K.L.:
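Can you read through this structure? Questions will come right after.
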Amino acid sequence: MENLFKDFGENVFSEKEMQSRLPRPVYQSWKKTVANEEVLDRPTADAIAHAMKLWALEHGATHFTHWFQPMTGGTAEKHDSFLEPDINGEPFARFSGKMLIKGEPDASSFPNGGLRTTFEARGYTYWDVKSPVFIRDRVLCIPTVFVSYSGEALDKKDPLLKSLTALSKAATRVVNILGDKDVKSCDISVGLEQEYFLIDQKYFEKRLDLRFTGRTLFGIPSPKTQELDDHYFGAIPSRVSAFMDEVNHELWKLGVYAKTEHNEVAPGQFELAPIFTNGNVAVDQNHLIMDILRQTAKKHHLACLLHEKPFAGINGSGKHDNYSIITDDGQNLFSPGEKPAENIRFLLFVCAFIKAVDTYPVLLRLSASSTGNDHRHGANEAPPAIISIFLGSYIESILYNLYRDDKKESTQQIEKNTFNPVNGLAYIPHDNTDRNRTSPVAFTGNKFEFRMLGSSMSASFANTVLNAIMAEALNEIADQLDGIKYIQDIREKALAICRELIDKHKRILFSGDGYSDEWKKEAKRRGLPNVKSFIEATNILNDPTVIQLFTSLDIYSKKELAANRIILQEQYVKMMGIEVRMMLEMVRKDILPSQVAELDFYNQACLHANKNTPSFITERVKLISGYIDDTYQALHALQDAWQQANKQETPYEVGKAIYDSINPLMDDLRQCVDAYEAIASRDFYQLPSYEDILFNI
Ligand code: ADP
Ligand code: MG
């Protein structure tokens, strides 16, 4: 066993490594920087850079890079080698504190939503001291934030770090008021479960749609899909298991505790879950995980698909974000403890969460939205776009009792049916960690599981939002508790706050089947928003309450929010543009020609067929020529509508026009092609089918 893990963390410049390599005062100074108590000074940075360089060279690195997360949702890096000539012209490896702390990548090609004009196209990267430096492919990677010349965030990490500061302050305030004065800061723990598909690379290469859009734009379900559920938790195929071994090993070397791996529901679908760690690092590590999955797949002649919906008709992929808040001395604030009903701190944090989610459902919905995720989230697949929280019967009944007891005392009259969240539509709960897989946000024992994220998305913004809304709710609670002198009075008041929060926000609690139509009706009755699409959700960044939330907590400026909104809208338009162009190209270059060739084949055959009786051959001629006409018409309809949609003024209007008018036309075109695929001869229809793709690894 030991041997297997002997190189765990080998490629990370870990805290342990720093401690052993740095002079003590330098190490202490770095620790203080991480704890936000000090700003890193130049001599300290130089000393760290020097030790880091020696470590990197020992580990075979030749280059370094400032690794950052532009608003594209991916990661970016520019490599520089350590190599420089010394004064005698001899080669020499140089890496200074300045090079460690600050970089200046050419920022002009990253989305900025109008934050940068060309004359100030510069952007800077700054070392994020809280996320460990690592080596990949001989490159020393330094996690950084990316900001514009005038200091606006151009990335997803800077706001996340700011949200962590805001949350830490707010949570610490509440914990301190409740009597635990030793707690100095709080952080979040995040565990991100990653779903993905694996397919054989040779099929991937043959499908332009998969290669350029990440999903199949055409294709009919194979005769067998997931109906037997035989793939889920089934034996992992040996080829995949070799792939997983290598993925795990790579991740372990990078200090990622890759833990769980199993088949998912759909054929060819799998999941990888690492053990949770602090939110900042968890988000960085998830980027690494996605990257390593893709790279390793290639080595095994596989393609790893991270798209949310690569195949129609079978489950798509998500990313579950398991979220909890912990104190600097390791207490999980969502842990119910032995007696949750008497655990005021737990109740208060759960109620704060309920309030936070109920106050900002659309913002949360947006944080999990992307072009790809539109095919699951809010479409016919889980999870629903209506945000609700599943608490489990045990916790829910505790809150219910709290609320009801109060009513008993004050009014002597319990209206039995006004609040009975346990009584969801048709759900029978089991224990306090019971699962409701249809819920977008679920309490699972000592954490909340946020299930809406798309598999290809960065988890950064979702955690930024969770932190921000929790910080606001906790600050409001702290404001109400501030100045109360005796602990008994504080507890009384805290309970009163809980009751009030439950009363006000209970509509967000739901234990029933989130996919059912009854829930849609019920949610509407409760006044819960049901925003159908990503593009519509983007407007929430323009909402005064959302602007107030982020600006008051110093997470985003108004200008940054506007830029983010535009970037998201432009992203949608661009992605859809690629899909539409790819569809048109495939129809023109692959599908219509194969239809015509097959038609010709049957026409030739007709010459020899019995002309007087209807036959397979004459029927095919009729069918295929019908499909050709339908396909051609649908192609033109899509092409024309695309031009129309792009005449709109703003990115939002273009995006909305695409959502409303282009999506149905893409469906139409797909239907024509899929109808043909259903009867096409393999000799003519050459695109690998779902059957080929999904059942061949
Ligand atoms: P499931 O598939 O049932 O949701 P998994 O075991 O696959 O569960 O994943 C659970 C994830 O939650 C793991 O990444 C795990 O490390 C993480 N997790 C466990 N406890 C916590 C916690 N207190 N805070 C945050 N994440 C946690
Ligand atoms: Mg899960």
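Every value quoted in this text rests on a predicted model; they were computed, and no experiment measured them.
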K.L.:
With sequence neighbours left out, what residues match Glu536 under side chain to side chain donor-acceptor pair (under 3.5 Å)?
P.N.:
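For Glu536 the side chain to side chain donor-acceptor pair (under 3.5 Å) partners, ignoring immediate neighbours, are Ser533.
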K.L.:
Tell me, which pairs form a side chain to side chain donor-acceptor pair (under 3.5 Å) where one or both residues lie in residues 337-353, sequence neighbours left out?
P.N.:
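Listed by first then second residue: Gln331-Arg345.
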K.L.:
Okay, side chain of Asn373, backbone of Ser369: is any donor-acceptor separation there less than 3.5 Å?
P.N.:
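No; judged by distance alone, with no hydrogens or angles, the pair does not exist.
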K.L.:
Do the side chain of Ser460 and the main chain of Lys156 share a donor and acceptor less than 3.5 angstrom apart?
P.N.:
yes
K.L.:
Would you call Asp482-Arg173 a salt bridge at under 4.0 Å N-O?
P.N.:
yes
K.L.:
Could you work out, with side chain to side chain contact (heavy atoms under 4.5 Å, CB included) as the rule, every residue matching Asp187, not counting sequence neighbours?
P.N.:
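Asp187 satisfies side chain to side chain contact (heavy atoms under 4.5 Å, CB included) with Leu164, Asn278 only.
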K.L.:
side-chain hydrogen bond (donor to acceptor under 3.5 Å, both in side chains), that's the test. Do Asp284 and Gln69 meet it? Break it down for me.
P.N.:
CA-CA 9 Å; Asp284 282 357; Gln69 296 162 23; 2.6 Å; yes
K.L.:
Would you call the rings of Phe311 and Phe197 parallel, tilted or perpendicular, where under 30° means parallel and over 60° means perpendicular?
P.N.:
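The arrangement is perpendicular - the two ring planes meet at more than 60°.
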K.L.:
Looking just at side-chain N and O atoms, do His375 and Glu308 make a donor-acceptor pair shorter than 3.5 Å?
P.N.:
no
K.L.:
For Asn286 and Lys319, which I'm curious about, is there any donor-acceptor pair between the side chains at under 3.5 Å?
P.N.:
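Yes.
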K.L.:
Step through it carefully: locate the ring centre of Phe448, locate the ring centre of Phe334, and say whether they are under 6.0 Å apart.
P.N.:
yes
K.L.:
Using a strict cut-off of less than 4.0 Å between a Lys/Arg side-chain nitrogen and an Asp/Glu carboxylate oxygen, indicate whether Lys521 and Asp517 qualify as a salt bridge.
P.N.:
no
K.L.:
Are Asn467 and Tyr323 linked by a side-chain donor-acceptor pair shorter than 3.5 Å?
P.N.:
yes
K.L.:
Using a distance-only test with no angle check, is there a side-chain donor-acceptor pair under 3.5 angstrom linking Tyr196 and Glu271?
P.N.:
no
K.L.:
Are there over 12 heavy-atom neighbours, none belonging to Tyr257, within less than 6.0 Å of that residue's OH?
P.N.:
no
K.L.:
Less than 4.0 angstrom from a charged side-chain N to a carboxylate O is my criterion; do Lys31 and Glu15 meet it?
P.N.:
yes
